[in-house]
Peer 1: 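Before I ask anything, let me first share the structure, which is written out below as structure tokens.
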Amino acid sequence: MPRKIENGAPCACAAEMTGPGGKAVAVDESVKSANLVHLRRIEGQIRGLMRMIEEDRYCADIITQIAAVRESLQTVSKNLMRNHLKHCAAAAMREGGDAGDRMIEELLAIVGKVAR
């Protein structure tokens with residue numbers, strides 16, 4: 001059974017279920033590695049933000065660091081979207097029919113989340 005996304009439409013790419021989510025159909029290893037590097041950097045930036053707040057650092061400096069974290073998260077999101085489009089979405093569109101329609105709804109929901 002395909003996993004559900006926020007608006008209730010099933011994900012067209014989760015062919016194998018493992019627990020409450022699903023596994024990606026295909027993951028580009030270079031994208032995975034790049035995402036992990038970004039996430040480790042973000043983890044360090046978050047710890048730095050916590051120290052800055054604990055130390056009552058200048059608000060503008062903290063806000064600048066928050067912007068850097070957001071940019072890094074956007075990079076990870078773009079990498080994941082690219083992988084999703086290249087593998088999951090492309091497969092669903094080639095299949096057509098209900099799978100293609102579900103993928104269109106899923107992509108619209110994802111874009112809605114990212115655009116907020």
Side-chain angles (χ1 to χ4, degrees):
M1 166 180 259
R3 70 178 170 84
K4 300 279 186 176
I5 57 174
E6 186 176 304
N7 71 355
C11 172
C13 74
E16 294 182 29
M17 295 297 291
T18 57
K23 284 201 154 261
V25 170
V27 177
D28 183 324
E29 286 301 316
S30 65
V31 171
K32 182 177 181 177
S33 294
N35 283 340
L36 289 172
V37 167
H38 279 288
L39 290 170
R40 287 187 188 102
R41 185 175 302 129
I42 292 165
E43 183 180 36
Q45 289 173 311
I46 296 297
R47 283 193 302 271
L49 281 167
M50 290 168 48
R51 276 192 307 276
M52 291 175 82
I53 290 171
E54 288 169 349
E55 297 169 358
D56 297 324
R57 297 277 300 272
Y58 188 57
C59 295
D61 292 341
I62 297 171
I63 292 167
T64 299
Q65 289 304 310
I66 290 171
V69 170
R70 290 179 69 197
E71 183 62 33
S72 291
L73 285 170
Q74 281 294 101
T75 298
V76 173
S77 182
K78 287 176 189 174
N79 287 344
L80 289 168
M81 179 63 97
R82 183 177 298 110
N83 189 81
H84 190 57
L85 290 170
K86 285 174 69 174
H87 298 288
C88 304
M93 294 304 185
R94 279 192 299 273
E95 185 177 327
D98 287 343
D101 291 344
R102 285 192 310 269
M103 181 54 70
I104 289 169
E105 292 305 313
E106 179 181 270
L107 292 172
L108 288 171
I110 292 170
V111 169
K113 289 177 189 178
V114 172
R116 289 185 212 168

Peer 1: My understanding is that a hydrophobic cluster links ILVMFWY residues whose side chain heavy atoms are under 4.5 Å apart, including indirect links. Using that, what else belongs to the cluster containing V31?
Peer 2: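 So far as hydrophobic clustering goes, V31 is joined with none.
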
Peer 1: Please tell me whether L108 and M93 are part of a single hydrophobic cluster in this structure, the criterion being side-chain heavy atoms less than 4.5 Å apart.
Peer 2: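 Linked within one cluster.
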
Peer 1: Tell me the closest heavy-atom pair linking A92 and A99, and the distance in Å.
Peer 2: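 Nearest pair, atom of A92 first, then A99: CB-O, 3.7 Å.
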
Peer 1: Under 4.5 Å between side-chain heavy atoms, chaining through other members, with only Ile, Leu, Val, Met, Phe, Trp and Tyr counted: pull out the rest of the cluster around I63, sorted by chain and number.
Peer 2: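 ILVMFWY cluster around I63 holds nothing else.
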
Peer 1: So if you build clusters from Ile, Leu, Val, Met, Phe, Trp, Tyr with side-chain heavy-atom gaps below 4.5 Å, do V27 and M81 land together?
Peer 2: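 Different clusters.
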
Peer 1: Return the CZ to CE distance between R94 and M103, rounded to the nearest 0.5 Å.
Peer 2: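 If we round to the nearest 0.5 Å, R94:CZ and M103:CE are 11.0 Å apart.
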
Peer 1: Not counting sequence neighbours, which residues clear salt bridge (charged side-chain N to carboxylate O under 4.0 Å, His left out) with E95? List them please.
Peer 2: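 E95: no salt bridge (charged side-chain N to carboxylate O under 4.0 Å, His left out) contacts found.
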
Peer 1: Per the salt bridge (Lys or Arg N to Asp or Glu O under 4.0 Å) rule, what does the pair list look like for residues 61-86, sequence neighbours excluded?
Peer 2: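 Checked against salt bridge (Lys or Arg N to Asp or Glu O under 4.0 Å) - neighbours excluded - no pair reaches residues 61-86.
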
Peer 1: Considering only residues two or more places apart or on different chains, which pairs with a residue in residues 27-36 satisfy side chain to side chain donor-acceptor pair (under 3.5 Å)?
Peer 2: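 Listed once each, the pairs are D28-S30, N35-N79.
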
Peer 1: Side-chain heavy atoms under 4.5 Å apart, restricted to Ile/Leu/Val/Met/Phe/Trp/Tyr: what other residues fall into the cluster of M52, or is it alone?
Peer 2: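 Besides M52, the hydrophobic cluster comprises L39, I42, I46, L49, M50, I53, I62, I66, V69, L73, V76, L80, listed by chain and residue number.
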
Peer 1: Restricting to non-hydrogen atoms, name the atom on S72 and the atom on Q45 that form the minimum distance, rounded to 0.1 Å.
Peer 2: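 Where S72 meets Q45 most closely, the heavy atoms are OG-OE1, 3.8 Å.
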
Peer 1: So, using salt bridge (charged side-chain N to carboxylate O under 4.0 Å, His left out) as the criterion, who are the partners of R47 when residues are at least two apart?
Peer 2: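 R47 satisfies salt bridge (charged side-chain N to carboxylate O under 4.0 Å, His left out) with E43 once adjacent residues are dropped.
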
